[in-house]
*Asks:* 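Got a structure for you, written out below as structure tokens; questions coming shortly.
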Amino acid sequence: MDRIRADLPVEGEPFEIVYEDLWRDIAPYTMHNIHPRHWGWVNGSGVPVAVLGDMLATGLNANCALFNQMPNHVEIQVVNWLTEMLGMPSGSGGLLVSGGSMANLNALHAARCAKAGYDVRKLGTGHGPRLTVYTSDETHSSVQKGLEMMGLGSDSLVVIPTDENFRLDVAAAARRIAEDRAAGLRPIAIVANAGTVNTGAVDPLNAIADLCEAEDLWMHIDGAFGALAWLDPRQRERLAGMPRADSIACDGHKWLYQPYSLGCLLVKNPELLRNAFELTPSYLTRTPGSVADAPLPYGQYGIELSRPFRALKLWMSLRVHGVNAFSQAIARNIDQAGYLARKVDEHPDLERVAPVELNVVCFRYSGAEAKRLNDINIDLLAELQKRGVATPSLTFIKGAAAIRVAITNHRSRTEDFDMLVDASAAIGAELAG
Ligand SMILES: *Cc1c(COP(=O)(O)O)cnc(C)c1O
């Protein structure tokens, strides 16, 4: 840190020196999520073709705001491919955004414009009854953050407890919606999970879609990583109902192994995005036949106006590797989660603390008295990282400190998980004394 804190450079210095400093002072101290044993939070690993794509997109300096020509066509193509990859109905569309948080925020604003029952864009949030959104207690914090930013307040997020498998209790949600309507509130949406961040749980999507239809609610799916499990045909049953959603958030920078950043908001009816975001001042007038004659004015479909050419890296990756390569990599990550879960289950001093649905395994060292286990596992997580064994992350599952392994890494091999299990047991024993 001391090396980076420096006085403002008034005069320039040779590029070689700056470049050397990068490799000496910065590159060795990243989160290393390009390493085969990085499984923390949900970080993508990054494929080389996409790295090149990003470099070229930056070099072209394309601004995909409103009027770009071929770059916007590339984004349209990539969004179409994504809707096809996720089994969404034809006519679906959407746009690329910075990540899952932004996709959730854009979707929630579109949902409220569609379902509030009054002109939210004109009248704001003070008008009419409180708008409410329903979701499980395992939903990502970005959903609450989004509602807070929208001025709805966190009280508008009605959090429904999950069942023993960390899935939304749909009957409880239905009861709560009825109660809230009776109390004069206006339910507008359900946010369902396709892959919760803690355990990878998938909510009962078909039942949620039925409830949304019956109650005239917007169905948004936070599938930041899990939606892409659709590419593994074995997961289609678990994810059944996903194509019925009004909107899906999914991140290329997670389970499509793209470098940061690449999020995506996909919607069944793109006009509803336009209704929520279109605004055309005089200085953004479209002039047919000129440079300002765009195939799709993306700035009218979301919050961002100036936007990087995010589509290029994924367009190049899909063309060079083919979608099958991605499907296979995702299926392999899911198999690796199953393998790790079995190794943990077989080990006398390790235990799993949540079911494994997709690519997330939560476990802990369990070879000591119950009251010491949280402290031991918090230390164990730190030791695994400090000793360079692996980078899982920490979470708490029903109060139990857990080593959380989220596998969105195309570089991981079977041996990497053997190493994690062996080291966790050994270091856990060491810490337990
Ligand atoms: C990562 C994640 C998010 C947030 O996405 P960002 O790209 O980090 O903004 C939201 N929901 C889930 C389930 C996630 O895993």
Side-chain angles (χ1 to χ4, degrees), residues 31 33 38-46 50 54 82 86 94-109 111 133 135-149 157 159 162 166-168 189-203 205 208 219-230 235 238-239 242 245 247-266 302-304 307-308 310 313-314 330 333-334 337 354 356-362 391-395 397 404-409:
M31 206 183 255
N33 45 305
H38 183 101
W39 306 300
W41 306 278
V42 193
N43 279 326
S45 42
D54 242 0
L82 284 164
L86 297 186
L95 78 170
L96 303 181
V97 294
S98 61
S101 303
M102 193 55 93
N104 286 336
L105 173 60
N106 280 267
L108 287 164
H109 177 60
V133 173
T135 200
S136 91
D137 57 13
E138 289 289 313
T139 293
H140 192 271
S141 55
S142 58
V143 171
Q144 177 179 330
K145 231 177 173 176
L147 292 174
E148 289 171 1
M149 282 186 62
L157 186 64
V159 176
T162 42
F166 305 98
R167 298 182 191 139
L168 179 80
I190 299 180
V191 176
N193 290 292
T196 59
V197 65
N198 260 338
T199 72
V202 178
D203 288 332
L205 302 178
I208 293 170
M219 178 178 180
H220 175 66
I221 295 182
D222 182 356
F225 63 95
L228 289 154
W230 187 267
Q235 310 306 323
R238 191 187 296 287
L239 292 164
M242 194 172 84
S247 55
I248 300 177
C250 85
D251 277 342
H253 61 218
K254 288 178 173 172
W255 226 356
L256 283 174
Y257 315 101
Q258 299 292 297
Y260 291 95
S261 71
L262 184 67
C264 189
L265 171 58
L266 302 174
I303 295 171
E304 288 179 288
R307 301 159 71 245
R310 295 188 179 99
K313 56 189 160 193
L314 185 53
I330 288 168
N333 285 162
I334 292 172
V356 173
E357 290 202 42
L358 297 173
N359 58 332
V360 182
V361 182
C362 292
T391 306
S393 55
L394 179 75
T395 194
I397 304 292
R404 177 178 161 286
V405 179
I407 313 166
T408 49
N409 190 331

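If you read the sequence from its start, that first residue is 1, and numbering goes on from there. Scope of the values below: all heavy atoms of this structure, side chains included, with no hydrogens, waters or symmetry mates. Both ligands and their constituent atoms are indexed starting at 1 by order of listing. This one's a predicted model, so the numbers in the text were calculated from it and none came from an experiment.
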*Asks:* Would the distance check show the side chain of R404 and the main-chain N or O of P392 forming a donor-acceptor pair, the cut-off being under 3.5 Å?
*Replies:* no

*Asks:* Would you check the N or O atoms of S98, main chain and side chain alike, for any that come under 3.5 Å of an N or O of ligand 1?
*Replies:* no

*Asks:* Keeping D54 on the side-chain end and A50 on the backbone end, is there a donor-acceptor pair under 3.5 Å?
*Replies:* no

*Asks:* Which ligand 1 atoms does A224 reach within 4.0 Å, using its non-hydrogen atoms?
*Replies:* 2 (C), 3 (C), 10 (C), 11 (N), 12 (C), 13 (C), 14 (C), 15 (O)

*Asks:* Checking side chain to side chain contact (heavy atoms under 4.5 Å, CB included) between Q144 and each of T139, L157, N104, V133, which is the one that passes?
*Replies:* L157

*Asks:* Would you mind running through ligand 1 and noting each atom that sits below 4.0 Å from a heavy atom of V42?
*Replies:* 15 (O)

*Asks:* Quick one: does T391's side chain have a donor or acceptor within less than 3.5 Å of a partner on G40's backbone?
*Replies:* no

*Asks:* For ligand 1, which is the ligand I care about here, please tell me if D222 has any N or O atom under 3.5 Å from one of the ligand's N or O atoms.
*Replies:* yes

*Asks:* Can you list the atoms of ligand 1 that are under 4.0 Å from a heavy atom of D251?
*Replies:* 5 (O), 6 (P), 7 (O)

*Asks:* Stepwise, does the side-chain hydrogen bond (donor to acceptor under 3.5 Å, both in side chains) test hold for H253 with S261?
*Replies:* CA-CA 6 Å; H253 61 218; S261 71; 4.9 Å; no

*Asks:* Looking at ligand 1, would G263 count as a contact under a 4.0 Å heavy-atom criterion?
*Replies:* no

*Asks:* Main chain of Y257, side chain of S45: is a donor-acceptor contact present, judged purely on distance under 3.5 Å?
*Replies:* no

*Asks:* Quickly, which of N43, T408, N409 forms a side chain to side chain donor-acceptor pair (under 3.5 Å) with H38? Name it, please.
*Replies:* N43

*Asks:* Decide whether the shortest distance between a heavy atom of K254 and an atom of ligand 1 is less than 4.0 Å.
*Replies:* yes

*Asks:* With distance as the sole test, does N359 use its side chain to make a donor-acceptor pair with the main-chain N or O of I407 at under 3.5 Å?
*Replies:* yes

*Asks:* Find all atoms of ligand 1 within a distance of less than 4.0 Å from any non-hydrogen atom belonging to S142, and give their numbers and elements.
*Replies:* 10 (C)

*Asks:* Could you tell me, atom by atom, which parts of ligand 1 come under 4.0 Å of a heavy atom of G195?
*Replies:* 13 (C)

*Asks:* Any donor and acceptor pair, going by atom type alone, linking the side chain of D251 with main-chain N or O of F225 inside 3.5 Å?
*Replies:* no

*Asks:* If you count the atoms of ligand 1 from 1 in the order shown, which ones are under 4.0 Å from a heavy atom of G99?
*Replies:* 7 (O), 9 (O)

*Asks:* Numbering the atoms of ligand 1 from 1, which are under 4.0 Å from a heavy atom of F225?
*Replies:* 15 (O)

*Asks:* Only heavy atoms of H253, strictly under 4.0 Å: list the atoms of ligand 1 that pass.
*Replies:* 7 (O)

*Asks:* Measure the distance from atom 6 (P) of ligand 1 to every protein heavy atom, then report the residue, atom name and distance (to 0.1 Å) of the closest one.
*Replies:* G100 N, 3.3 Å

